[in-house]
Number of protein chains: 2
Amino acid sequence: MSKENLILKNFLAERNLRITSRRTIILEAFLKEEGHFSAEELYKKVAKNNSSIGIATVYRTLKLFQEAGLARMSQFGKGEARYEHNYLHGHHDHLICKQCGKIMEFENPVIEKLQKQIAKKHNFNVTSHRLEMFGICANCVSKQVS
Amino acid sequence: MSKENLILKNFLAERNLRITSRRTIILEAFLKEEGHFSAEELYKKVAKNNSSIGIATVYRTLKLFQEAGLARMSQFGKGEARYEHNYLHGHHDHLICKQCGKIMEFENPVIEKLQKQIAKKHNFNVTSHRLEMFGICANCVSKQVS
DNA sequence: TTAGTTGCAAATCGTTTGCATCAAG
DNA sequence: CTTGATGCAAACGATTTGCAACTAA
């Protein structure tokens, strides 16, 4: 049993919630995912082998994963939200290609530090933050030229 | 006639679009707004004196203002988008209070520079970016304590 | 047996769109 | 006149919710 499985189990136990077949199936599919995916995408993979699972359950379960600290959600612009693993995967920011949709991650401790200074200057108590750069990735730029 | 009025007029003329009573009314209301407001909020102010204007027109007109460079839109998390003046009002980032909804602005050239370096390192062609910090503002913190 | 869980469809929210009518040029 | 602009209501996409049936403990 994976570490994530145990985390979820404990999380559910603490709140008198149940370990159900659906939650187990969705967790397995979630763990197989890499990068940033939408609820719809996860739903499709799950539904391929378990056609009776509804998308509402996927949404409900992803919310549970977030509360348990396994998943993290980001909303890039409008449209669908994207989810990613959170456990053993620290804070980072994003570069988002508007052409192909590719999402790259980066971390910059200097920026983080400057952010803290700015917040302090405004007496602002930061609970979360995000930095996103939108544009065209190297791959798409070269395609455009050719 | 305001400078913004002229900008819009030129923008419309260039594309064979029309200066209509609705566009004039919405521009006036838009110019009176300060800070960050939603389409709904602008619509309500406009509709107070002009009950026949529909919210669809407000949305259509705000899109026009963005194209003309007069307005800028941001999407904070999910939910409604917020608009602000863009003309004579340079790029900046946001501190958003989750309690009272207040939005503060800041600029930090060092962060901007670091962002450019990061993009370069990834061969990423940035067209826009945004940095947002969410949390509790000084005012709300003091209210909580008392 | 007693809650919590699920699928389904309907509801929601912010925004966009089709269409017939209206008005700017 | 001709074509763009508008109001209205219906459509939209992503997500949430009510509810009756189901199932874990």
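Labels below follow one simple rule: chain letters A, B, ... track the order of the sequence lines, proteins then strands, and each chain is numbered from 1.
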**OP:** Taking only the side-chain heavy atoms of B/Lys63 (C-beta and beyond), determine which of C/dT15, C/dT5, C/dT16 contains the nearest atom.
**Re:** C/dT16
**OP:** Compute whether any side-chain donor of one residue and acceptor of the other, for B/Glu132 and B/His94, lie under 3.5 angstrom apart.
**Re:** no
**OP:** Name the nucleic acid region contacted by A/Arg18, choosing base, sugar-phosphate or nothing; use a 4.0 angstrom heavy-atom cut-off, strictly under.
**Re:** base
Subject >> Nearest-nucleotide 5' precedence on DNA chain C, A/Arg15 against B/Ala81 >> reply: A/Arg15
Subject >> Nearest heavy atoms of B/Gly69 and B/Asn86, plus distance in Å >> reply: O-ND2, 3.3 Å
Subject >> Mutual orientation of the aromatic rings belonging to A/Phe37 and A/Phe30 [parallel < 30°, tilted 30-60°, perpendicular > 60°] >> reply: perpendicular
Original post:
Parallel under 30°, tilted from 30 to 60°, perpendicular over 60°: which one fits the rings of A/His89 and A/His92?
Top reply: tilted
Original post:
5'-most contact on DNA chain C: B/Met73 or A/Asn16, nearest heavy atom basis?
Top reply: A/Asn16
Original post:
Does B/Arg22 make a side-chain N or O approach to OP1 or OP2 of C/dA24 shorter than 4.0 Å?
Top reply: no
Subject >> Atom pair distance, as rounded to whole Å: OH in A/Tyr43 and P in C/dT6 >> reply: 14 Å
Original post:
Roughly, in whole Å, what's the span from CZ in A/Arg23 to C1' in C/dT5?
Top reply: 6 Å
Original post:
Of B/Leu17 and A/Gly79, whose nearest nucleotide on DNA chain D comes first from the 5' end?
Top reply: B/Leu17
Original post:
What does B/Ile53 touch in the nucleic acid at a heavy-atom separation under 4.0 angstrom: a base, only the sugar-phosphate, or nothing?
Top reply: sugar-phosphate
Original post:
Across the strands shown, which category fits A/Ser52 at heavy-atom distances under 4.0 angstrom: base, sugar-phosphate, nothing?
Top reply: sugar-phosphate
Original post:
Looking for any heavy atom pair under 4.0 Å, which part of the strands does A/Ser21 touch: base, sugar-phosphate only, or nothing?
Top reply: nothing
**OP:** Assign B/Arg60 to base, sugar-phosphate, or nothing according to its heavy-atom contacts below 4.0 angstrom with the strands shown.
**Re:** base
Subject >> Basic-acidic side-chain contact under 4.0 Å: B/Glu41, B/Arg82 >> reply: yes
**OP:** Please list, in 5' to 3' order, the outermost nucleotides of DNA chain D lying under 4.0 Å from any heavy atom of chain A.
**Re:** D/dA14 to D/dA25
Original post:
B/Thr57 or B/Lys78: which one's nearest nucleotide on DNA chain D is closer to the 5' end?
Top reply: B/Thr57
**OP:** Indicate, with a heavy-atom threshold strictly under 4.0 Å, whether B/Ile19 touches base, sugar-phosphate, or nothing.
**Re:** sugar-phosphate
Subject >> Polar side chain donor-acceptor pair, B/Glu112 to B/His91, under 3.5 angstrom >> reply: yes
Original post:
Given atom CD1 of B/Ile55 and atom P of C/dC13, what is their separation to the nearest angstrom?
Top reply: 13 Å
Original post:
Any side-chain heavy-atom pair from A/Ile111 and B/Ile118 closer than 4.5 angstrom?
Top reply: yes
